[in-house]
Chemist: 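Mind having a look at this structure? Questions to follow.
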Amino acid sequence: MSKRAGKEREQGRRRRRGRLEDERSLAPRSGSQSREVRVLYVACEGESTEPDYLDYLNDQFGGGDGQGRQPFRIQPVPRRGGRTPSGIVEAVRKAAGEDGAWALFDRDQWNDIPQAIKAAAGSKVELAFSHPSFDLWLLLHFQAFGGAQSGSSKIVVEKLRQAKGANAFKDYGKGGEKSIKGARRGLRPRTWCKSCPW
């Protein structure tokens, strides 16, 4: 066996890394198209807000920083029908294979959260748990805020609509419209989060 074949075989045992051209096309980035990126599969319950936010993270931070942070690509797992937390864990586990896998869901009134946590732990799926709702993630781009709010996102949404610098969110959630597109893509970097990879 050649040295190269042996090296490729050894690398096959390690975590599989995706390439820019995997799964879906991406807008060209500066630098080589063949450089490797870390692929993270994320399944979530939301149909609009969460996938839009994941796309925002890809656009803003996916290219790495040129100073040691590896380029990454978040690959949303398509949502098909309603998903419970354990259904989200199962969907991302199947899609990710050996790549990074994250399940993203809100507290809401789900009864199967303990089962989802157990399934995730058994399959190396990471969890991102929003309490009370994903809307809190958006608010945290503009101001610090804590507390469960009795499991209701009403207060969180109102705070987001009124947050300083969040003008594009003044009508957020009205008429069910919760996309993160257009002017709403102007989220502030989360400078307060020192452990975040972006």
Side-chain angles (χ1 to χ4, degrees), residues 26-27 40-65 69 72-89 91-92 100 102-114 116-117 120 125-198:
L26 297 173
L40 304 169
Y41 285 81
V42 179
C44 51
E45 65 181 294
E47 294 180 45
S48 174
T49 311
E50 292 92 331
D52 287 352
Y53 186 79
L54 298 174
D55 189 47
Y56 160 79
L57 292 178
N58 277 329
D59 288 349
Q60 293 295 309
F61 307 104
D65 66 358
R69 286 192 180 163
F72 66 87
R73 177 171 46 91
I74 299 171
Q75 181 65 46
V77 175
R79 184 177 188 269
R80 292 180 176 82
R83 284 192 184 156
T84 63
S86 48
I88 293 167
V89 170
V92 75
W102 283 81
L104 169 58
F105 52 89
D106 295 343
R107 170 63 186 113
D108 292 326
Q109 301 304 316
W110 296 113
N111 294 324
D112 79 330
I113 291 174
I117 293 169
V125 171
E126 302 290 341
L127 295 179
F129 183 70
S130 303
H131 189 49
S133 66
F134 185 79
D135 306 317
L136 177 61
W137 290 34
L138 302 174
L139 176 60
L140 292 175
H141 278 274
F142 299 99
Q143 69 182 51
F145 187 76
Q149 307 308 310
S150 301
S152 170
S153 65
K154 259 181 138 173
I155 295 171
V156 174
V157 169
E158 273 307 311
K159 291 268 188 196
L160 177 60
R161 289 178 185 158
Q162 298 168 8
K164 183 178 179 181
N167 295 337
F169 289 88
K170 288 201 181 302
D171 61 347
Y172 180 81
K174 293 181 179 176
E177 204 289 305
K178 290 182 145 188
S179 71
I180 310 297
K181 295 183 178 178
R184 290 185 183 163
R185 301 282 293 225
L187 296 168
R188 295 177 181 170
R190 297 181 345 169
T191 55
W192 50 267
C193 183
K194 303 299 182 203
S195 63
C196 295
W198 43 82

Chemist: Would you call the rings of Y53 and Y56 parallel, tilted or perpendicular, taking 30° and 60° as the class edges?
Modeler: tilted
Chemist: By side chain to side chain donor-acceptor pair (under 3.5 Å), which residues pair with N111, not counting sequence neighbours?
Modeler: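 Counting only residues at least two positions away or on another chain, N111 forms no side chain to side chain donor-acceptor pair (under 3.5 Å).
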Chemist: With a 4.5 Å cut-off on side-chain heavy atoms, are P76 and C44 touching?
Modeler: no
Chemist: For D55 and R185, run side chain to side chain contact (heavy atoms under 4.5 Å, CB included): C-alpha distance rounded to whole Å, both residues' side-chain angles, the deciding distance at 0.1 Å, then the answer.
Modeler: CA-CA 10 Å; D55 189 47; R185 301 282 293 225; 3.2 Å; yes
Chemist: Calculate, to the nearest 0.5 Å, the distance between atoms CZ and CG belonging to F72 and N58 respectively.
Modeler: 6.0 Å
Chemist: Distance check, rounded to the nearest 0.5 Å: L54 atom CG versus I74 atom CD1?
Modeler: 5.0 Å
Chemist: Atom CG of D112 and atom CZ of F105: how far apart are they, to the nearest 0.5 Å?
Modeler: 8.0 Å
Chemist: Side chain of R184, backbone of A168: donor and acceptor closer than 3.5 Å?
Modeler: yes
Chemist: Assess whether side chain to side chain contact (heavy atoms under 4.5 Å, CB included) is satisfied between V92 and V42, documenting all intermediate values.
Modeler: CA-CA 6 Å; V92 75; V42 179; 5.6 Å; no
Chemist: Can you name the nearest heavy-atom pair linking S179 to S48, along with the distance?
Modeler: CA-OG, 3.5 Å
Chemist: Would you name the heavy atoms of G173 and K178 that are closest together and state the gap between them?
Modeler: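 Shortest heavy-atom separation between G173 and K178 comes out as CA-CG, 3.8 Å.
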Chemist: After noting the C-alpha distance and the side-chain angles of L127 and V89, does the key distance pass the side chain to side chain contact (heavy atoms under 4.5 Å, CB included) rule?
Modeler: CA-CA 8 Å; L127 295 179; V89 170; 4.0 Å; yes
Chemist: Side chains of residues 156-167: which donor-acceptor pairs under 3.5 Å do they make with residues two or more places apart or in other chains?
Modeler:
residue : atom : partner : partner atom : Å
E158    : OE1  : Q162    : NE2          : 3.3
E158    : OE2  : R161    : NH1          : 2.5
R161    : NE   : Y172    : O            : 2.8
R161    : NH2  : Y172    : O            : 2.8

Chemist: Just verifying a value: how many Å separate S133 OG and I155 CD1, rounded to the nearest 0.5 Å?
Modeler: 11.0 Å
Chemist: Of all the heavy-atom pairs spanning A103 and I88, show the shortest one and how long it is.
Modeler: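 Scanning both residues, the minimum pair turns out to be CB-CG2, 3.7 Å.
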Chemist: Show the nearest heavy-atom pair for residues I180 and T49, with the distance to one decimal.
Modeler: CG1-O, 3.8 Å
Chemist: Kindly compute the distance separating OG (S130) from CG (L104), expressed to the nearest 0.5 Å.
Modeler: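 Reported value, rounded in 0.5 Å steps: 5.5 Å.
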Chemist: Tell me whether the centres of the aromatic rings in F169 and H141 are closer together than 6.0 Å.
Modeler: no
Chemist: Should I113 and F129 count as side-chain neighbours, where that means a heavy-atom distance under 4.5 Å?
Modeler: yes
Chemist: Return the CG to CG distance between L140 and L187, rounded to the nearest 0.5 Å.
Modeler: 11.0 Å
Chemist: Can you see which heavy atom on D52 is nearest to which on K181, and at what distance?
Modeler: OD1-CE, 3.3 Å
